[in-house]
Amino acid sequence: MSYSSVKISKGNHGWGGPLTVTPTDEKPYVISVTGGGIDPVAQRIADLTGAKVVDSFANPVPKEETCAAVINCGGTARSGVYPKMGILTINTVAITPAGPLSKFIKEDIFVSGVTANDVASTENIEIPKELQENIASPEVSQVKNDAEKVAQDSKGQEESRLLRLIDAVGKVAGDFVNTFYQAGRDTIDTLIKNVLPFMAFVATLVGIINYSGIGKVLANILSPLAGNIVGLVILSIICALPILSPILGPAGVIAAVVGTLIGQQIGTGIVPMYLALPALFAIDAQAGCDFIPVGLTLGEAEPDTITSGTPAILFSRLFTAPLAVLIAYGFSFLLR
Amino acid sequence: MDALTNAASAFIGLFKAGGNVFMSYMTGIIPLLIALITAINALVKFIGEDRVNRFMAKLTKFAILRYTVLPILGVFFFTNPMCYTAGRFLPEKYKPAYYDSCVSFLHPVTGLFPHANSAELFVFLGIANGFTKAGGDQAKLALLYALSGIVIIFIRGLVTERFSMYFFKRNGNTKILNQNTDVNDLKKTNAQEA
């Protein structure tokens, strides 16, 4: 029996891959470890490759004969176990590596968030007819097996319907919990990687400024700029100067530092409260000016568009940045 | 000795003050942030990228949608920096204006929806903390920041659009200027995405 290969790419919010699955005579099985029958992803892999697909809960096969495992694990257990055994693992739930076995979850053995649409044949041509027949036969025999089982166990029919219902409810609840769980994991991840480091930096800075008395010196420098609307407009124009704006942009660091300093002055009452809103736009005039070519490339822009677009954005800022401060000044009357 | 002790306690005091500020952030900002970002992350996953992409591809025709709803959806669902990828739904000539409008919303959004640009939260929080300290309502500031942000990204989109037309003309990019949205091309891109 001949087998063909499929390429499996990660799905929405997924991770890892792409994996190439090629069954062999020694490893003819694709196992579906999903509960509630054979997962559509496993079925599709089997259809395209000619592998045999089995429901691992109903009739387990030895791991030596398994070429790929389809799982729906939102946690860490199954996601790690199969990669650890060296089996290509396809997770239908979009997760990123975590947990005690995360060191085994590598891009060349694990792919997540996969749906049946992410499984593609590596061969461009349609599957040969004989192969299709080959594929069809195990399926048919399996259906027959199932039918026999059902016939043998007539009493079990009602029971299995109930079980199927429980299964369906469980799956929905599981999806819900998994999605939330992964959302929580993503949140903590960005918190630790992005938010906390910046918080540590700003907190230390504020601490030093407050304790050492530098704050008073800075207030004298800043208040003529930040303490009235004319100063804020000037600040925004300085930030938007086409020679300065690409330098001031990166990661909003300078905006954050100047913002924190102005925030301090607002907190102590030196700068009037309602100026908080225009100030937010004054310190932000350079936002993204350092990122124009990258951002445009992400939008699949042509090189010519980038060449003309970059100066267009930089010069447009010179007008829109002070305008933004004035618009915010208008809105700030709602704050008083 | 006394002088040394004073110097040491002043040195420690600097960082004690920093630590106190950090602790106030941890108890004041982080808990809300965790719950809010988790809920929105889950919502975004439930809705799914495909659905948002399909909807966004329909919004490109009118300037008012192109520079308001399109960047807002992009920023909310795809966050920084993937929000710029929505530029692919637009003809070349509008791409710089979309980028400008999109990137300018990345800070105004953080007051209400910090998940969209969590790495640059402090552009808002630096000022907002002082505002709260002075007795202001941070939610009101966040709301007004987002609202004025929407007005501003719309104007910025229009102005940058004019400027890009000028530069396209000056650099002789007539091909880009004459190009319109090719519906078939869009469909192709969508199919590839799916």
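Just so you know, these numbers use all the heavy atoms, side chains as well, and skip hydrogens, waters and symmetry mates. Here the structure is a predicted model, which is why all the values come from computation and not from measurement. Below, chain A is the first sequence line, B the second, and so on; all start at residue 1.
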Interchain contact, A/L261 with chain B, by part (heavy-atom threshold 4.5 Å): neither
In terms of the angle between their ring planes, are A/F281 and B/Y145 parallel, tilted or perpendicular, with boundaries placed at 30° and 60°? perpendicular
Are any of the side-chain heavy atoms of B/F15 and A/I208 separated by less than 4.5 Å? yes
Quick one: are B/L14 and A/S212 in side-chain contact, heavy atoms under 4.5 Å? yes
Heavy-atom cut-off 4.5 Å, strictly under: side chain, backbone, both or neither for B/I29 against chain A? side chain
With sequence neighbours left out, the residues meeting salt bridge (Lys or Arg N to Asp or Glu O under 4.0 Å) with B/D137 are none
May I ask you to test the A/F291-B/Y99 pair for a side-chain heavy-atom distance under 4.5 Å? yes
Most contacts with chain A, counted as non-hydrogen pairs under 4.5 angstrom, among B/K95, B/R156, B/K45: B/R156
Would a distance-only check, ignoring hydrogens and angles, find a side-chain to backbone donor-acceptor pair under 3.5 Å from B/E92 to A/E302? yes
Given that the side chain runs from C-beta out, which part of A/A321 has a heavy atom under 4.5 Å from chain B: side chain, backbone, both or neither? both
So which of B/A17, B/A86, B/G135, B/G13 has the biggest tally of heavy-atom pairs under 4.5 Å with chain A? B/G13
Applying a strict 4.5 Å limit to non-hydrogen atoms, the region of B/F22 in contact with chain A is both
Examine whether an atom of B/L121 lies under 4.5 Å from a heavy atom of chain A, and if so say whether it belongs to the side chain, the backbone or both; otherwise answer neither. side chain
Under 4.5 Å between any side-chain heavy atoms of B/F46 and A/F176, yes or no? yes
Which bit of A/L196 comes within less than 4.5 Å of chain B, counting heavy atoms only: side chain, backbone, both or neither? both
Among B/T38, B/V103, B/L43, B/L141, single out the residue with the greatest number of heavy-atom pairs under 4.5 Å to chain A. B/T38
Relative to chain A, which segment of B/N129 carries a heavy atom at a distance below 4.5 Å: side chain, backbone, both, or neither? neither
Engaged part of B/Y98 at the chain A interface, taking heavy atoms whose separation is under 4.5 Å: neither
